[in-house]
Protein chains: 2
Amino acid sequence: MPPYDPSAFPPFAVTVDLVVLTVRRHALCALVVKRGEQPFQGRWALPGGFVRADEDLDGAAARELVEETGLCVHDPAAPAPVPGTGAHLEQLATYGAPDRDPRMRVVSVAHLALAPDLPAPRAGGDANSARWAPVEDLLGPEGAGAHEDGQAEPLAFDHARILSDGVERARSKIEYSSLATAFCPPEFTVGELRRVYEAVWGVALDPRNFHRKVTGTPGFLVPAGGTTTRQGGRPAQLFRAGGATLLNPPMLRPEV
Amino acid sequence: MPPYDPSAFPPFAVTVDLVVLTVRRHALCALVVKRGEQPFQGRWALPGGFVRADEDLDGAAARELVEETGLCVHDPAAPAPVPGTGAHLEQLATYGAPDRDPRMRVVSVAHLALAPDLPAPRAGGDANSARWAPVEDLLGPEGAGAHEDGQAEPLAFDHARILSDGVERARSKIEYSSLATAFCPPEFTVGELRRVYEAVWGVALDPRNFHRKVTGTPGFLVPAGGTTTRQGGRPAQLFRAGGATLLNPPMLRPEV
DNA sequence: ACAAAAGTGTTACGACTACACCCATGT
DNA sequence: ACATGGGTGTAGTCGTAACACTTTTGT
């Protein structure tokens, strides 16, 4: 079997870019890194890098995630995810406009990662070149990537669009899946889970109905045994994420 | 700004593969083409091809779709979609396992297309090398890509997986969007739309409740004026797809 | 005592399911 | 007359929204 004729197709570079989301101080935040070189030098961008020659796409995304955050993809089959705690990682979409990188033709396979609140990002040891930024600051209130009245500069390349798509994916996916627990530590309270929904959707939810809903959805939460009083007030039961991945009935996002 | 150092990244070939779905004779069918060369010579595969040097990913997918089916992507801005009728086209996912093509490293950006029932596929003029095959025959009843008791051969490469993902996307997306109309001709009856849902989901739906639901969902259907008696029985009103893309409340797929 | 957060009970409403029933055409 | 598919009405059920109310802590 002959190999491809190299003249039959144009050469591409393939990268992975990461939309890493977390919830900090009641706000949905994304991990951004400062670019050290042209183009877009000094501007904020999504973390990412080249896919290696013998590497799967998901493997490249998981490697970048570890390099940037110390997070380890949660794999039920693995004995113990050593570096850092677990996180959710899934493919988001692929971006390959011919002019998206002025240097050459680059196709980027974007991935979406959801992580619990972490102490501080580490950008390969390089301090203050990586940070958690509120999504609203990066995209503007409308989420369209536009910027008004002296906000921060727009993200490099087409990363505003990628981030916007990732946020929209997260917002819709926590409706019908148990993914919101990926934003929580291993043990969490119903109130903490509710604040995740409120931060990601940007709405206020009724604590009473929310409690009934999540504790009544089979497989969503399992009691972890203890209680905590992290938030003040009456101690709350601690829960762990249950085995269910699809929620039935789904959580309902309030209307406009 | 210097160009990339070519030794800094491995070279990739980037292709688009198409999952083209339609509903024929009450069955969900996919377009497959017969491979004329190694590897997998003589086996059925999804249509696809290389992305050209100056071409967007969606543009490459649209070009392949026209080449294989004569279908034209429906673009509201275009003056008139000349070749063939309209169709829905969206990016599905990207597949890039290092060994998915034995010849070299190929990353394939799969796209999902939904089309109304067409007279016959045309594979670049090459007759009987392209056909509409029931998805159940291609994937087996479980949809896992496995084959039992002398069914047709499995699809080439990882195309069974890609097709399976595309079918699952279509099945879930017609729940909460108006995409099912993409399987219908420009004017259609409520019964024809119901048979689309029944074929894609593989279930039987109550005609009375279905009628009330779709006609009562704002923006889903708009009356086209006439009636037809294509199916026998009382003449049915003709409808066109309305402006709404997201259905609220969604269509509910019956439980197992 | 008071504030704050966690939970429980109750009522009203909207949407779905199932099925009885009528309508309009072809044979 | 009858079969076939189109369309409407109605009762039971399930899930949610809204909100009153009790519980358990910290200050």
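By convention in this document, chain letters (A, B, ...) are assigned in the order of the sequence lines, proteins followed by strands, and residues within each chain are numbered from 1.
In this entry the distance linking CD of B/E175 with C1' of C/dC16 reads 15 Å, nearest Å. Summarising the geometry, the separation between CD on B/Q237 and P on D/dG5 is reported as 19 Å, rounded to the nearest angstrom. Put simply, CD on A/Q231 is 12 Å from P on C/dG7, counting in whole angstrom units. Note: CZ (B/R253) to C1' (C/dT17) measures 18 Å, nearest angstrom. The CZ atom of A/F210 sits 15 Å away from the P atom of C/dT8 (whole-angstrom rounding). Taking atom CG of residue A/L247 and atom P of nucleotide D/dG15, one finds them 14 Å apart after rounding to whole Å. The nearest whole Å value for the distance from the CG atom in B/N248 to the C1' atom in D/dT16 is 14 Å. One can place CG of A/L193 at 12 Å from P of C/dA6, the figure rounded to the nearest angstrom.
Here the nucleotide nearest the side chain of B/D206, chosen from C/dA15, C/dA18, D/dT16, is C/dA18. In this structure, of C/dC16, C/dC19, C/dT8, it is C/dT8 that holds the atom nearest to the side chain of A/H211. Ranking D/dT8, D/dG15, C/dA6 by closeness to the A/P249 side chain, first place goes to D/dG15. Of the candidate nucleotides C/dG7, D/dT8, C/dA5, D/dT8 has the atom nearest to the side chain of B/R208.
Heavy-atom distances to DNA chain D give each of A/P235 and B/R195 a nearest nucleotide, and the one nearer the 5′ end belongs to B/R195. Of the residues near DNA chain C, A/A236 and B/K213, the one whose nearest nucleotide (by heavy atom distance) lies more toward the 5' end is A/A236. Between A/V190 and A/G233, the residue whose closest nucleotide on DNA chain C is further toward the 5' end is A/G233. Between B/R212 and B/P207, the residue anchored nearer the 5' end of DNA chain D, judged by the nucleotide with its closest heavy atom, is B/P207.
A salt bridge links A/D165 with A/R161: at least one charged nitrogen is closer than 4.0 Å to a carboxylate oxygen.
Using a 4.5 Å heavy-atom threshold, the side chains of A/V20 and A/E68 count as separate.
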Verdict with supporting geometry, A/W44 and A/H159, side-chain contact (heavy atoms from CB on, under 4.5 Å): CA-CA 9 Å; A/W44 295 100; A/H159 288 188; over 6 Å; no

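A donor-acceptor contact under 3.5 Å is not formed by the side chain of B/R194 with the base of D/dG5. No N or O donor and acceptor, one from the side chain of B/R234 and one from the base of C/dA24, sit under 3.5 Å apart.
Just one of A/T228, A/T181, A/V196 meets the side-chain contact (heavy atoms from CB on, under 4.5 Å) condition when paired with A/F188; it is A/T181.
Looking at heavy-atom distances under 4.0 Å, B/R230 makes no contact with the nucleic acid at all.
The side-chain hydrogen bond (donor to acceptor under 3.5 Å, both in side chains) test applied to B/E175 returns B/R253, not counting sequence neighbours.
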